[in-house]
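Heavy atoms only: backbone and side chains are in, while hydrogens, waters and symmetry mates are out. Proteins get letters first, then strands, A, B, ... in listed order; numbering begins at 1 in each.
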There are 2 protein chains.
Amino acid sequence: MKRITIPKATVARLPVYLQCLESLPGQSATVSSETLANIASVTSAKVRKDLSYLGSHGVRGVGYDVEQLCLLIRKELGLTEDWPVVIVGVGNLGSALANYGGFGSSGYRVVGVYDADPSKIGRGIGGLIVRGLADLSGDVESNRVSIGIITTPASAAQEIAELLTTAGVGSILNFAPVVVRVPPTTRVRNVDLATELQILSYYSVQAR
Amino acid sequence: MKRITIPKATVARLPVYLQCLESLPGQSATVSSETLANIASVTSAKVRKDLSYLGSHGVRGVGYDVEQLCLLIRKELGLTEDWPVVIVGVGNLGSALANYGGFGSSGYRVVGVYDADPSKIGRGIGGLIVRGLADLSGDVESNRVSIGIITTPASAAQEIAELLTTAGVGSILNFAPVVVRVPPTTRVRNVDLATELQILSYYSVQAR
DNA sequence: AGCTGTGAACATATTCACAGCC
DNA sequence: GGCTGTGAATATGTTCACAGCT
């Protein structure tokens, strides 16, 4: 058992493993690296190496205890904590995310939804009332919000990213099709439909 | 100029460069690797190496011709072609994507939206009528659809992935929170909100 | 002088293959 | 016998640093 930092590539796979483990039928108390690998569409060596970064918790000849492994991964990912998030931009996507139920189940809790458009402010959505951008900073601070989700048009994203970081958000999940510039201590992940489609079409062309 | 295959990591960045180039003010006819790197939040060496895989098109002492570079990247990504896509699952997210305007602009064209729920079939959405799953295979074949987007609940995703691959779709963009198993020749990209949030919270924990 | 293109050095990630334990 | 844990080997990706062109 080492106590070095977990590689990025491994961190990105832990949520996938967790998802796979949670989808396992209740009766399977243990799981082998081979089985988990198949479900997650990776190799068994990868699974073993990834899990070894969390410490040696498997049993040779048997496999990993599903329950224990889930807990271990959840703990590693910080899912035992509460993560208040805000969503900025109440368009189609922002509404979809605000209405998405999967948040509460795992520590993520939408504590506010915001929009610049006065006609949207005051509307109810996903059990919350849409608020104006003027309220964003204060809300982030008072709720100790650590993750901000940007679902605005590209043109507004940079401004919102700055509002969020200034207010103290440490991580941003950006759905706007633009690269936002943030201070080096802020973590950003970009999710962009066009980008994903373009990567797919590249490989589609190559495949023939 | 080499003619080897472009590294995956580079392919994943090309759409980002393209996005950055397209957002450049019209008057800038050329761009240096340094400038592009700043906008894209990467290093200039990365930009140069990435672009070198497309051939040597920069001018020393000057930079890259913006127009020419855009065209080059678009061509490399296959954006000069038409990519008919289908969306399966008309929940919040599926509706959001169907209504998303950014498709048409770059070769991606939603030619069909599908849902298993009879109460949704027949509804209009994003200029299309929701159709039943029974129509999916035939439509995919007759429209030569190469990319399928899955926005169903997790429980339905595997079945839909199989319908899509059997019908001849070569690439799948999966928004359902589950890893779908597909034949090795099919390309899948997963976009999952929970996964992204979990990666962010991991690093948020580490940061303190 | 300024900026590209690229080998060489380095860092990260994956795979192999097998010793070690149940 | 079955399956983990992990060094060693390999492959992929990034950064450096500078020659070479305009």
Peer 1: Name the residue from L164(A), N143(A), D139(A) that meets the side-chain contact (heavy atoms from CB on, under 4.5 Å) definition with V86(A).
Peer 2: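 Between V86(A) and the candidates, side-chain contact (heavy atoms from CB on, under 4.5 Å) is satisfied uniquely by L164(A).
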Peer 1: Whole angstrom is fine here: how far is it from OH in Y53(B) over to C1' in dG7(C)?
Peer 2: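 Rounded to whole Å, this separation is 11 Å.
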Peer 1: When you get a sec, tell me which of dT6(D), dC16(D), dG7(C) is the closest nucleotide to the side chain of K49(B)?
Peer 2: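 Out of dT6(D), dC16(D), dG7(C), the nucleotide with an atom closest to K49(B)'s side chain is dG7(C).
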Peer 1: Rounded to whole angstroms, how far apart are CG on L54(A) and C1' on dT4(D)?
Peer 2: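 The answer, rounded to whole Å, is 14 Å.
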Peer 1: Given that K8(A) and G63(B) both sit by DNA chain C, which one's nearest nucleotide is further toward the 5' end?
Peer 2: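 The residue closer to the strand's 5' end, by nearest nucleotide, is G63(B).
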Peer 1: Between D50(B) and Y17(B), is there a side-chain heavy-atom distance shorter than 4.5 Å?
Peer 2: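 Contact flag for Y17(B)/D50(B) side chains = yes.
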Peer 1: Over how many whole Å does the gap from L69(A) atom CG to dG5(D) atom C1' extend?
Peer 2: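 After rounding, the reported distance stands at 14 Å.
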Peer 1: Could you tell me whether the phosphate oxygens of dG5(C), OP1 or OP2, come under 4.0 Å of any side-chain nitrogen or oxygen in Y64(B)?
Peer 2: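 For Y64(B), the contact criterion (side-chain N or O under 4.0 Å from OP1 or OP2 of dG5(C)) is met.
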Peer 1: OP1, OP2 of dT14(C) versus side-chain N and O of R13(A): anything below 4.0 Å?
Peer 2: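 True: R13(A) side-chain N/O within range (under 4.0 Å) of dT14(C) OP1/OP2.
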Peer 1: In this structure, how many angstroms lie between the C1' atom of dT6(C) and the CG atom of L51(B), rounded?
Peer 2: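 One finds 13 Å between C1' of dT6(C) and CG of L51(B), rounded.
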Peer 1: Of the nucleotides dG5(D), dT14(D), dC22(C), which one has an atom closest to the side chain of V59(A)?
Peer 2: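 Nearest to the side chain of V59(A) among the choices is dC22(C).
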Peer 1: OP1 or OP2 of dC3(D) less than 4.0 angstrom from a side-chain nitrogen or oxygen of S33(A), does that happen here?
Peer 2: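 No, S33(A) has no side-chain N/O under 4.0 Å of OP1/OP2 on dC3(D).
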Peer 1: Does E81(A) pair with R208(B) as a salt bridge, N-O distance under 4.0 Å?
Peer 2: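 The answer is yes: the pair qualifies as a salt bridge.
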Peer 1: S146(A) and S204(B): side-chain hydrogen bond (donor to acceptor under 3.5 Å, both in side chains), yes or no, with the steps?
Peer 2: CA-CA 8 Å; S146(A) 44; S204(B) 300; 5.6 Å; no
Peer 1: If each of V31(B) and V62(A) is mapped to the nucleotide of DNA chain C with the nearest heavy atom, which maps nearer the 5' terminus, i.e. the 5' end?
Peer 2: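 With V31(B) and V62(A) compared, the 5'-side residue is V31(B).
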Peer 1: What is the distance from CG of D50(A) to C1' of dG5(D), rounded to the nearest Å?
Peer 2: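 After rounding, the gap between these two atoms is 13 Å.
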Peer 1: Rounded to whole Å, please give me the gap between CD in E34(A) and P in dC16(C).
Peer 2: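 Distance check: E34(A) CD to dC16(C) P gives 12 Å.
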Peer 1: Give the nucleotide from the list dC18(C), dG13(D), dC18(D) with an atom nearest to the side chain of R48(A).
Peer 2: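 The answer is dC18(C), which lies nearest to the side chain.
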Peer 1: Could you pull out every donor-acceptor pair under 3.5 Å between side chains of residues 147-154 of chain A and any protein atom, sequence neighbours left out?
Peer 2:
from    : atom 1 : to     : atom 2 : distance (Å)
T151(A) : OG1    : V88(A) : O      : 3.1
T151(A) : OG1    : G89(A) : O      : 2.6

Peer 1: For dG20(D), does the base pair up with any side-chain atom of R60(B) as donor and acceptor (N or O, under 3.5 Å, distance only)?
Peer 2: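 Per atom types, the contact qualifies.
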Peer 1: Please determine, for the side chain of S32(B), which listed nucleotide (dA17(D), dG5(D), dC3(C)) has the closest atom?
Peer 2: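 Nearest to the side chain of S32(B) among the choices is dC3(C).
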Peer 1: In whole angstroms, how far is the C1' atom of dG5(D) from the NE2 atom of H57(A)?
Peer 2: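 For the pair H57(A) NE2 and dG5(D) C1', the rounded distance is 12 Å.
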Peer 1: What integer distance in Å separates Y17(B):OH from dT4(C):P?
Peer 2: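 Roughly 12 Å, once rounded to whole Å.
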Peer 1: Taking any heavy-atom pair under 4.0 Å as a contact, classify T43(A): base, sugar-phosphate, or nothing.
Peer 2: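 Sugar-phosphate only.
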